[in-house]
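Some notes on the structure that comes next.
In what follows, chains are A, B, ... by sequence order, proteins preceding strands, each numbered from 1. Values reported hereafter were calculated over all heavy atoms of this structure, with side chains retained and with hydrogens, waters and symmetry mates removed.
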Protein chains: 2
Amino acid sequence: MADQADLTEAREQRRIDPSNCSMARALSVVGERWSLLIVREAVDGVSRFGDFRARLGIASNLLSTRLDGLVAAGVLRRVPYQEPGDRQRFEYRLTEKGRDLRPTLMALLAWGDKYLADEQGPPVVVRHRVADQAHGCDEPVSLVLECAAGHTHLPTDEVYRAPGPGARFL
Amino acid sequence: MADQADLTEAREQRRIDPSNCSMARALSVVGERWSLLIVREAVDGVSRFGDFRARLGIASNLLSTRLDGLVAAGVLRRVPYQEPGDRQRFEYRLTEKGRDLRPTLMALLAWGDKYLADEQGPPVVVRHRVADQAHGCDEPVSLVLECAAGHTHLPTDEVYRAPGPGARFL
DNA sequence: CGTGCTGGGTTGAGATTGTCAACCCAGCGG
DNA sequence: CCGCTGGGTTGACAATCTCAACCCAGCACG
């Protein structure tokens with residue numbers, strides 16, 4: 001198997017310092033138990049404390065802490081609103097930074113759909129809504145890998161992680 | 001702003017039960033502190049207990065627990081190996097299921113690169129390695145959204161989550 | 001044959017984080 | 001001025017994580 005050869009080769013080459021990695025940083029922001037689920041709800045249009053709480057079943061103190069954390073990280077922003085005949089309250093909306101987590105959510109969703117769905121199939125699918133409603137597309141959407149040279153639909157084993165401009169080595 | 005209208009609309013429509021979601025299931029497998037970092041290392045060719053430990057700086061008992069969990073989840077498999085002049089030991093290799101987490105890792109990496117990289121730029125980039133080494137491509141790779149009708153490079157706001165075959169409602 | 005080294009762990013104390021339940025409080029409506 | 005509602009805070013307890021110490025099988029060395 002080429003499998004074994006790959007491993008041996010990999011073990012011998014100069015290694016990128018794995019602690020200096022954007023993935024680790026990303027996980028420090030959204031890597032705990034609830035963060036990504038909160039972001040998922042926000043993507044889905046949820047914005048109020050009580051709605052997050054009800055839909056996720058998360059403890060309120062923890063939700064409070066997580067929302068603060070996500071606001072501090074710039075993933076959500078806290079905006080005042082006022083229902084007619086009610087005092088001012090706050091809601092939590094996604095920022096651009098938060099919206100950019102959508103591919104991550106989709107990748108996780110796709111993986112869950114492939115390996116963890118129950119018999120009836122995936123409970124949620126992602127579809128294409130074109131901005132112009134006249135010719136709605138509505139086809140299922142997937143994530144594909146594409147390289148700058150225009151090669152598209154790369155299988156995942158044709159990609160590798162290489163040192164970037166900010167790389168450090170062991 | 002259309003932003004506000006979207007939220008209101010979203011709040012009023014029939015909602016997918018968020019607990020019956022592949023994402024939540026996916027997170028229950030790889031959602032804790034170290035799992036994805038372990039998988040990342042595994043993708044990178046790391047397979048041995050001590051190597052994971054050294055590269056991640058994770059406590060050995062926790063690594064032990066996580067590796068067992070990932071094996072139980074089918075993300076890694078435990079295979080015996082024997083170095084010459086040494087006794088039999090075990091290493092942890094990615095399964096297909098584990099390899100399929102690569103898009104998730106890439107999405108997270110891309111997000112981290114965009115928002116969390118330091119001045120020098122991202123420490124790691126993903127490149128295209130063609131199987132046939134003769135015409136190596138080596139261009140940077142990115143994840144793009146594509147729908148079944150062939151629309152490609154969808155902006156994330158042109159996709160939405162819709163009920164799938166296994167959907168439940170609130 | 002005893003002694004130590006090395007990879008791959010286990011055990012246990014203490015800090016951190018999460019859960020659950022109770023409580024708070026501002027302001028509207030009655 | 002009473003209670004209800006949304007959006008929290010507080011505190012007891014449980015589960016997890018971190019850190020440090022220890023273990024143990026088998027090879028290598030003397």
Task: Interatomic distance where CZ belongs to Arg53(B) and P belongs to dT6(C) [whole Å] - done: 15 Å
Task: Separation of Arg40(B) CZ from Arg161(A) CZ (nearest 0.5 Å) - done: 5.5 Å
TODO: Can you tell me the distance, in whole Å, between the CG atom of Asp51(B) and the P atom of dG8(C)?
DONE: 8 Å
- [ ] Please check the phosphate of dG9(C) (OP1 and OP2 only) for any side-chain N or O of Arg78(B) closer than 4.0 Å.
- [x] yes
Task: Options dA22(C), dG9(C), dG7(D), nucleotide nearest the side-chain atoms of Tyr92(B) - done: dG9(C)
Open item on the list: Is there a side-chain contact between Arg33(A) and the phosphate of dT16(D), meaning an N or O under 4.0 Å from OP1 or OP2?
Closed with: no
Open item on the list: So, OP1 or OP2 of dG8(C): does either fall under 4.0 Å of a side-chain N or O from Ser64(B)?
Closed with: no
Task: Rounded distance (Å) that lies between atom P of dG7(C) and atom CZ of Arg55(B) - done: 16 Å
Task: Position toward the 5' end of DNA chain D (nearest nucleotide), Thr65(A) or Arg87(A) - done: Arg87(A)
Open item on the list: Is it the case that the base of dG9(C) and the side chain of Asn61(B) share a donor-acceptor contact (distance under 3.5 Å, atom types as modelled)?
Closed with: no
Task: Value rounded to 0.5 Å, distance of OG1 in Thr104(A) from CE in Met106(B) - done: 11.0 Å
Task: Under 3.5 Å side-chain donor-acceptor pair for Tyr160(B) and Asp138(A) - done: yes
TODO: Please state how far atom CG in Leu63(A) lies from atom P in dT17(C), giving the value in whole angstrom units.
DONE: 17 Å
- [ ] Nearest whole angstrom, please: distance from the C1' of dG26(D) to the CD of Gln82(B).
- [x] 10 Å
TODO: Please answer whether the main-chain N or O of Ser60(B) pairs with a side-chain N or O of Ser64(B) as donor and acceptor at a distance below 3.5 Å.
DONE: no
Open item on the list: Between P on dG7(D) and CG on Leu76(A), what's the gap in Å once rounded to a whole number?
Closed with: 15 Å
- [ ] Could you grab the distance from atom CZ of Phe49(A) to atom CG of Leu67(A), nearest 0.5 Å is fine?
- [x] 6.5 Å
TODO: Please state how far atom CG in Leu62(A) lies from atom P in dG11(D), giving the value in whole angstrom units.
DONE: 17 Å
Open item on the list: Please tell me if Tyr81(B) has a side-chain N or O lying less than 4.0 Å from either OP1 or OP2 of dG7(C).
Closed with: no
Task: Spacing between Phe90(A) atom CZ and dG27(C) atom P, to the nearest angstrom - done: 12 Å
- [ ] Answer yes or no: does a side-chain N or O of Arg89(B) lie under 4.0 Å from OP1 or OP2 of dC27(D)?
- [x] no
